[in-house]
Structures are given as structure tokens and as C-alpha cells.
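Accompanying notes for the structure given below.
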Amino acid sequence: MTSTPSHDRAIERYNAKDAEPRWQQAWDAARLFETRNDDPRPKYYVLEMFPYPSGRIHVGHVRNYAMGDVVARYKRARGFNVLHPMGWDAFGLPAENAAMERKVNPREWTYANIATMKKQLQSMGLSLDWSREIATCDPDYYRHQQRLFLDFLDKGLVTRRTAKVNWDPVDHTVLANEQVIDGRGWRSGALVEQRELTQWFFRISDFAEDLLSALDGLDRWPEKVRVMQKNWIGRSEGLEVRFSLTSAPAGVDDAVTVFTTRPDTLFGARFLAIAADHPLAATLAADRPDLQIFIEECRRLGTAQAAIDTAEKLGFDTGLTVRHPLDASWTLPVYVANFVLMEYGTGAVFGCPAHDQRDLDFAIKYDLGVTEVYRPAPAQDPTPEIFEKLKESFEKNPHVSLSYIDKYGYLNEDYIDFFRITSRAFEIGGNEKYTTDNSLTKEIEEFGQLKEDFIRILQKVKEHERDGEFLYTNPIPGCPRYVTSIKEAIEAAISECENRKVGKRKIQFRLRDWGVSRQRYWGCPIPIIHCDACGPVPVPVADLPVKLPDDVSFDVPGNPLERDHAWRNVPCPRCGAAARRETDTMDTFVDSSWYYARFTAPWLQDAPTDRGAVDHWLAVDQYIGGVEHAILHLLYSRFFMRAMRETGWSGVSEPFAGLFTQGMVVHETYKDAAGAWVPPAEIRLDNEGGTRRAFHVGTGAEIAIGPIEKMSKSKKNVVDPDDIIASYGADTARWFVLSDSPPERDVIWTEEGVQGAARFVQRIWRLVNLAAVTDGQTRAADAPLRKAAHKALASVEEDVERLRFNRCVAHVYTLANALDEALRTGATRTIAGEAAGILVQLIAPMMPHLAEECWQALGRDGLVADAPWPQVERALLVEDEITLPVQINGRKRADVTVPSGADKAVVEAAVLADEAVLRALEGRSPKKVIVVPGRIVNLVV
RNA sequence: GCGGACGUGGCGGAACCGGUAGACGCACGAGACUUAAAAUCUUGCGGCCGCAAGGCCGUGCGGGUUCGACUCCCGCCGUCCGCACCA
């Protein structure tokens, strides 16, 4: 007997509003997500980047946490002891801005936001261990950060020095290099000024080499992020070389040191250029008003960036000259130039106009001349006669062609092609493809038995392709006149300079130390007391935390800590004399650099971490967050783990073994006739006849649909998760953000999409309820259903592991369709119930509340959130029969069905007996039959 | 300028290691149920030709390798992202 899913039984609609809080309470009551450190099961640490408590969560958070929750719930079902904590990145400027604008206390404002957002997150039904919740603004958190600071200081990982810093005139604070984007503050957008201040620095550059090389081991990080960090660290190898001044003015070094990655072009040097901030420039400017003016101008233009491309290269001739390090008879003029950066290398460069566009521009402008060092080897195309000769001779005897290479000294594309042809002719390549570079390498690897000569030719081809060939017109001593590799020349130049003691090999990094001092109130106080006699003295560990004062006012701009004399004036811990607290607080990126480690034992009172817990849980197995933190947060955290290792607080050095950067949630924009932005909540969409139109709900006026953009308050294209959860439920919202796009790409939030998700929630509910009571008797319907269930199960497993949630969603739909079909064709209750159970478990990580409700409807015991993951029956995944497409000359002409294990001969016979095949062959007999077992058959006629 | 990613129906996307292009969803069309609507169900849905069977074309463009190319190679075009006077 058959039943129609929708009609024969009245099933109440699934009521998310009622069910969701009920199941959230059930999970809480069972303390399901509280994780114990001593649990013997294998650990799995899944973490999403913790939010800043700005006020309310946004859909971006929903997407981020939904993804993390899928992983957490799945891994839990797979038998892992999962750590999935949540906290608050709670220090930062918005709290102070709110204090100034609304006269609220930053602490109260922050904690109120935390309360709101926590409620919102809880309404999403996330499997979080709230017992480990931390807020970085809590003294119980930042006291340990102060301890780490002191320990780092003790180990020499923190220094204090005067430095030119990026000053944000709007936020009244210093910014790290990483926080200056296009010369503007990352938060305020104000043009950054340069100021000279005494600052605390974390010596991240001490770890530059390790931070760089360890990137290779982070194979579960996106390539993109690794490349960005690699570029940011910016390692370059080269030479530091001294150009001695012909006559040094009093009070300056008698030489200018220059860093170069191209010492092989030293003999192309025509001038020396130093930065406007170079000490030599400063000294000279003391009694040179015109130079002083020039330097001022450079500074003004310096960070303005407006259009560095169009900015003219400007120089100022100091009148000084230097001697060439390799030939004292050469002298070169010294310029102050606006394109030289004091922050990189030594703040001085030598200009080689022949081989650098920028140097050439400068040399032309100031008439400094050009000396050529390299000239490309002359291109000699082989005449057809020569080519034929080569070919012929190779065919006769591969060795002969060597003499041609020696004789003509060139290798060009034709020649390379020639080798491909000839090598195939000799059947040394077999079926292998010949591509330019890889295959040549492969060739060398695979055919190691080839005659040495041949290998030599191939290698020479490769070198040619990589470096070109150059004639060294003005060679460095000890370097051949003719080079195939620039590297060779560079090496020669470095050894020559080292031999003559005018320079030394140098590895230069772009990465600078991390300045952490911030002239702000709402941050972690730096635990230092300044004493006139003793200098900066660390606060004794016993006196921690240095707590922020609570009663502060923001009536005047600037840092209220500086005005709080009661807080500020304290005796020196060393000598007891009157002293002052450090009033700077730490960059908030410090707070987020180790919170994931604190989560492993957040209850500890006396220490930042417990070594056992940290070493057990770290590295985080799966970290998920926005790509905007690719450099700042992720690099700082990597530094922090290393610093904590040095100070004994951790035994690991990489915090995040797996990293995933999810895309944004974007939305259409809407503009009314007056050009004002209209929020989606006020829009009614009409899709009549496939044409999308938007109307205002209130006025009915047509609204223009604009481009899809990142959700922003200014364009009002924002949807509030609370509204979505209120009208559709958390599961619908979670399902939608996981469903439409691959997780690393942006997802477009659409009303239609959300409604589709909501419909599916009801459909699952209906199907599961029908499966629970179906009285079907058609055994034939059972087998395909079981097969479909286990196929979906296997596919979801694979795709969750690879975080391809959009594909998981598709597999679930496919199983739902199969269950629907099976119910309609009368599958038995046992099998329908089993399949429905699998379906429920598959959706459980994504739509946990609905899954519980369904689990109950199926009469299963306990909570699905606590149920072990079902076992795939591999036998069901194997088909008995398989339908193979048959191609004739690469075009599909027929299908044949054969037993799945059939060997080639059987398949071939079946194909050649097939009617459709015979018809398509039109009496021709195939020249060749290609059978790819289990895949395809192709007949060549 | 340097580096990276991407380009597939009306839309989001799928297609494993080179083996039936368009899974799954959204939107849309036709139909059923309904007084009606919603919900639900059935069905169609890359383009062109055809009543149909079927055929031809089709994964940004142009070439190539292969029995066979969205996938590999060469050369273009376009979009997005990151870095950018880095010596």
C-alpha cells in the first residue's frame, strides 16, 4: 500500500520558537558541552575567532559560529573529547568612544553588550562550553597577561626604546605598522603622523626566521594566508656593503652602509641615495636650511601615499661623494632622496640605473649617467637549414647534437620543441606529456638511466628557461664574463666584498618589532612603575593585577589614566621613592594573542596557563575566522606561543594547526527614488515572470535594486540575526548560511534562500514523522533507500572533514528526496525509520534543535547531540550493476549496463552487442576500444 | 608593478587523480488540490533544430596535448583579493 506524504495524516508544523529553547535547556541540563581536561578520549579543539562585544551579533557571526558548531558537534559524535569554548575580545576603543559620546562607563557598556550577545549566541543553539567563558577585560584574565608581559621582559622578549611611531591624531594613540593601512589608521581612517615616543616593543623580529620557515609546516592553512604572512615577514638575502665617504664632515660616520639584494650590479652604481630620516641627512641639515626644507617636504609626502605611482622621484645633492667599494678610483655622489625608506634595510641604497627602473628615472632626472652590467645573450634563431640539420643529426646520434649546442650557444623554444619531438621518436618519453618545465624535471627523474649527455642537455634547457643567459659586460672580479645564472654572479660579488672586508652577507627582514604601547584607558595596563632613580621597574608579581581604575571621566580628550593621580602615583617597588605607573595600556591584539591557550584552563588563579592542559589541547585543531586577520592576529599569536614557550608557559609553538577563513555574508542594496538607502526589512520583492523588482512595504513605491555588497550600516543592507531567529528559528538561519555557497566564499543573503531553508525544515519534520508511522509493505522500495542513506552518510562524513558544508547540504537534500520517494512507493517502517534516523543524525550538526525534535518523534532514546555517529555500511556503497556511458570518438552515443566487477573483455563484448552502439557505428568496426573500468567506454573508429 | 584566487544555465553552485558537464538548491513556467490564497504535491527548465526518436552547439577567448579536456600545457581577455617607492 502506498501513502502520499502530505495528505493522509495531519502533521503539525514544526514550531521552532517552542522547540529551540526547550532543547537548549535539555543540553544545558545534561551539561553536554562542558568539557573535562581529564577525559580519556582523543581531544579535538575547535575554535572560532572570539567576538568583540560591540553590542549585537551580526550574520557574519552566525555563519562563523555555525561552521564551528558543525565541526564541534560532528567530532563529538565521532567520539572525540571536543573543546569548543567562547569568550570576548573585550578591550578596545569603541567602549571609550561610547563613554565619551554617551557618558557611560566603558566597563558597564562592555559587560552589558556581553550579556546581550551571549543571549543571542545561546539562542543559536551552539554547542559551547560556557563554563570556560572568558572576557579579556576581566582582571582575572589580564592579570595573567601582565604576568606574561613581565616574564617576556625578563627573558628579553620585551624592550623599551624611543621610536618613531605611527600616531593617530583622531584616536590619540600609537598604531602598529600592521594597523596603518595606506597611511591611515585602521580604525579611525585618519592620516597617521610620525612621532618620536618611548614605547614598549615585543621583539617579534627575533623570531622572523622561525615564523617564516614554520609556515611550511602549516599545511592545513590556506595558501593565501601563508603567502600573506610570508610577504609580511619579507625575508631577503643580500649584501650589506660600506661606501666610504671621500671627506666626512665632523660628527658622522666615515662611511654609508647600504643593503642590496643585487650586489652583482655593484659596477652599475652611479649614485648613493639616503632616506630623509637618515642620521647623515639630519647632521648635514643642521647647517643647511635648504636641505632642512627638502627633508620636511619628504616627510610630508612620505606617508600621504596619495599616489606613490605618480609621485615624482626627488633628490637633493648633498655634495658629498663616496668611493666604490670594489674600485676606490670611482666616486659616486650622495643624494637625499624621497623614495628611500628609513624603515627598511639601512635607509640607504646605491642606484644602478641600468637595471632598475626607479634608479633610471632618478639618474635621468639628475643626469647621473648609466653604466650597463648585463646584456642579454644575443638571440639567434636557428635557420630552417640548421634546424633540419640538428634534427637529422640527433636522430642519427644524440651525442652529435651536443656539439651544436656548444657551437651555437643558444637554446630557444624551437629547440626545446625539437627535443620533445626527438625524445618521443626515441620512445624515451612513452606516453608522458611534455610540458615545458615540469615534464623536463620529470623526465630527468624518471629516466635516470638516460645517457649523461642527454640529461646535461635537458638541464641546460631548464637553466635557460629559468634565468636566461647573460653577457656580463662589466663583471665583478672572480665572476665569469658569461653567466647563465644571476645567482652565480651575486654569490661571486658577495664573496669578493667579504674578502675585501668592505661588506658582509646579510639577511634582511621586513618584519619590524611589535610596538604594543597604547595611550588609551580601556586596555590591559602595562605592569611597570617609573622611578626617577631606578628607571622603569616591573610591578612585583605578587602585586598583580594592576587593575584599571573604575571612576574615570572622558570629559577631556586623551588618556584618563594620565590624569588619575591617585592611581598613577605609587612608590617605587625597588627603592620606595615616589614613582609613577606606566599609563600606557597594551594593544588589544595582545589580548587575543593567547586567549585560546587560556581556554585550556581558565579557572587557574595563580598562573596564565597549566602546562599539562596547554600541551594537551594545543594546537587548536580547527580555527575558523575572517581572512582580515590573516596577518595581524594570526602572526601575533604565532609569536606569542613562541614567547610563551621561551618563558615556560607552553610546550608548543604553533597555536593553530588547521585554519579556515570563511567568506562574508553579503546582501543586495536598495535605494529609493530620492537616492536614500532602504533596509531589507522595508522591502517587498516581486519576481513575477522572472523579473526581480523591489517595492517599499509602506509606500508601495518601486525601489531600485543595487549591487550586492558587504553588509554595512551605511548602506543599510543589514539583516539582524535576532529577527531571523524570531521569525524562522535558529536552525533555518544556520542551514541557510551553510547551504548556498562554498564556505570560503561570500554568501549572498536572500529572503528567498531563507524561505527555502525554512521550507526544508518543515519538509524534514514531515518526512521523519511519516517515516515513524508509515505502514508501507513494498520491500523493493527498501533497498534503494538504505543505499541512499548510507551513501549520504559517507558523503557527509567526507565533506564535513573538509569543511565543505554546502556539499553536505546537497547530500542531505538528496537523501531527503530518496526518503520521500521511498515513502511514496511504500518502503517498510523499519527501513524508513532507519533511514530517517540517519537523515536526522546528518542534519544534527547543522540543525541541532530540529534534529532533537525528530529524534524524539522517531522514538529514539536520549539526545541526538549525545548519540554516536552511525556506522557506514560500505557494502551498500558498491553497486551490483553499473551503467557505463559509451562514447564513439569522444561523443556519448549509448549506455550499457554490466555487472560492476566485469572485466574489460566482458564490457567490450556487451558494448559491441548493444543495439544503440551498432546503430551509431553504422557498420563501421572500431579501430580501438578503450575501456576504463567503472567509468566509461570509448570506441575509436 | 609584484603575488594569489577565480571565470560553468536566469541565479548560488556541483563535477574526485583527465572519463556521461550542469548534482543539490533558488527563481521561473505548466498542472493538481482549494471558493480563494498560502502551504503541499506532480512536472518542465543550458541554447538551437525536431511531433518524436534523435541531432548539432555549449564550461571567458585563441591554440595545443589526448581515444577522451571545465579539469593538463602555451598565449590572451576579464573579475576579485592582498602587498606595494622593500633597495
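The analysis underlying the following values was restricted to heavy atoms, covering all of them including side chains, and did not include hydrogens, waters or symmetry mates. Chain letters run A, B, ... following the sequence lines, proteins first and then strands; every chain starts at 1.
- As a whole-Å value, the separation of Glu915(A) CD from G54(B) P is 12 Å.
- Taking the C1' atom of each, A14(B) and C83(B) are spaced 33 Å apart, rounded to whole Å.
- The line from CZ of Arg766(A) to CZ of Phe760(A) is 10.5 Å long, rounded to the nearest 0.5 Å.
- Rounding to the nearest 0.5 angstrom, the gap separating the CG atom in Leu341(A) from the OG1 atom in Thr346(A) is 11.0 Å.
- Using a 30° and 60° split on the angle between ring planes, Phe243(A) and Phe350(A) fall in the tilted class, from 30° to 60°.
- Contacts classified as salt bridge (Lys or Arg N to Asp or Glu O under 4.0 Å) and involving residues 739-748 of chain A (residues at least two apart or in different chains) are not found.
- The CH2 atom of Trp232(A) sits 15 Å away from the C1' atom of G3(B) (whole-angstrom rounding).
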Enumerate the protein-to-nucleotides 57-60 of chain B contacts in which both atoms are nitrogen or oxygen and the separation is below 3.5 Å.
residue : atom : partner   : partner atom : Å
C57(B)  : OP2  : Arg891(A) : NH1          : 2.7
C57(B)  : OP2  : Arg891(A) : NH2          : 3.3

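- Applying the 90° criterion around 0 to the glycosidic angle, C17(B) comes out syn.
- In this structure, of C67(B), A14(B), C86(B), it is C86(B) that holds the atom nearest to the side chain of Arg358(A).
- In this structure Glu628(A) satisfies the salt bridge (charged side-chain N to carboxylate O under 4.0 Å, His left out) test with no other residue, sequence neighbours excluded.
- Between Phe294(A) and Phe316(A), the angle of the ring planes lies from 30° to 60°, which puts this pair in the tilted group.
- Closest to the side chain of Arg510(A), out of C83(B), G68(B), C85(B), is C83(B).
- The side-chain contact (heavy atoms from CB on, under 4.5 Å) search around Glu752(A) returns Leu685(A), Asn687(A), Arg692(A), Thr750(A), not counting sequence neighbours.
- Distances were taken from every side-chain heavy atom of Pro742(A) (C-beta onward) to each of G12(B), G13(B), G68(B); the shortest belongs to G13(B).
- A syn orientation is assigned to G9(B), its glycosidic angle lying within 90° of 0.
- Between Arg893(A) and Phe350(A), the residue anchored closer to the 5' end of RNA chain B is Arg893(A), taking for each the nucleotide with the nearest heavy atom.
- Note: Tyr14(A) and Trp765(A) have tilted aromatic rings, judged against thresholds of 30 and 60 degrees for the angle between ring planes.
- Computed from coordinates, the Arg693(A) CZ to A27(B) P distance equals 19 Å when rounded to whole Å.
- Considering only side-chain N and O atoms, Arg692(A) lies nowhere under 4.0 angstrom from the phosphate OP1 or OP2 of C11(B).
- Between Arg226(A) atom CZ and C83(B) atom C1' the separation is 18 Å, expressed in whole Å.
- Between Arg766(A) and C41(B) there is a side-chain polar atom (N or O) within less than 4.0 angstrom of OP1 or OP2.
- Across all strands shown, the partner of C72(B) is G64(B), judged by Watson-Crick or G-U wobble contacts whose two distances both fall under 3.5 Å.
- Heavy-atom distances to RNA chain B give each of Gly345(A) and Lys928(A) a nearest nucleotide, and the one nearer the 5′ end belongs to Lys928(A).
- When distances run from any side-chain atom of Arg824(A) to the nucleotides A87(B), U42(B), A27(B), the shortest one goes to U42(B).
- Ring geometry, Phe362(A) versus Tyr335(A): the interplanar angle exceeds 60°, so the pair is classed perpendicular (tilted spans 30 to 60°).
- With sequence neighbours excluded, no residue satisfies side chain to side chain donor-acceptor pair (under 3.5 Å) with Glu908(A).
- For Glu709(A) and C81(B), the CD to P distance is 11 Å, given to the nearest whole Å.
- Rounded to whole Å, atom P of G82(B) lies 10 Å from atom CD1 of Ile631(A).
- Val340(A) comes within 4.0 angstrom of a base, heavy atoms only.
- Residue pairs satisfying the salt bridge (Lys or Arg N to Asp or Glu O under 4.0 Å) criterion with at least one member in residues 931-941 of chain A, sequence neighbours excluded, are absent.
- With sequence neighbours excluded, no residue satisfies side chain to side chain donor-acceptor pair (under 3.5 Å) with Asn15(A).
- Counting to the nearest Å, the P atom of G12(B) and the CD atom of Glu744(A) are 15 Å from each other.
- When the P atom is compared between C70(B) and C61(B), the two are found 12 Å apart, to the nearest whole Å.
- Taking 3.5 Å as the limit, the base of C81(B) and the side chain of Lys224(A) contain no donor-acceptor pair of atoms between them.
- Legend: residues meeting side-chain contact (heavy atoms from CB on, under 4.5 Å) with Ile708(A), ordered by chain and number and at least two apart, are Val666(A), Glu668(A), Ile748(A).
- Using atom C1' as the reference point in both C2(B) and A84(B), the two lie 8 Å apart (nearest Å).
- In this view, Glu915(A) satisfies the salt bridge (charged side-chain N to carboxylate O under 4.0 Å, His left out) rule with no residue, not counting sequence neighbours.
- Figure legend. C56(B) is base-paired to G47(B); pairs are counted as Watson-Crick or G-U wobble with both atom distances under 3.5 Å.
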Please tabulate the protein-to-nucleotide N/O contacts below 3.5 Å involving nucleotides 45-53 of chain B, giving atom names and distances.
none

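- Taking atom C1' on both G18(B) and G64(B), the two are 15 Å apart, rounded to the nearest angstrom.
- Contact annotation for Val349(A): base contact, defined as any heavy-atom pair under 4.0 Å involving a base atom.
- The listed nucleotides are A39(B), C85(B), G3(B); the one nearest the side chain of Asn231(A) is G3(B).
- The C1' atoms of G10(B) and A27(B) are separated by 8 Å, rounded to the nearest whole Å.
- The distance from atom CZ of Phe362(A) to atom C1' of A87(B) is 13 Å, rounded to the nearest whole Å.
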(request) Any chance you could list the contact pattern along nucleotides 20-25 of chain B? Use B for base contacts, S for sugar-phosphate-only contacts and - for none, protein heavy atoms under 4.0 Å, 5' to 3'. (result) B--BSS
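- Of all nucleotides present, only U79(B) satisfies the Watson-Crick or G-U wobble test against A5(B), with each distance under 3.5 Å.
- Spacing of C1' atoms, C24(B) relative to C45(B), comes out at 15 Å, to the nearest Å.
- Remark: G22(B) base-pairs with no nucleotide; criterion is Watson-Crick or G-U wobble with both hydrogen-bond distances under 3.5 Å.
- Base engagement by Val932(A) is indicated by at least one non-hydrogen atom pair under 4.0 Å involving a base atom.
- Shown here are the side chain to side chain donor-acceptor pair (under 3.5 Å) partners of Glu237(A), two or more places apart in sequence or in another chain: Arg235(A).
- Nucleotides G54(B) and G44(B) are separated by 16 Å at their P atoms, to the nearest Å.
- One C1' atom belongs to G46(B), the other to U8(B), and the distance between them is 10 Å to the nearest Å.
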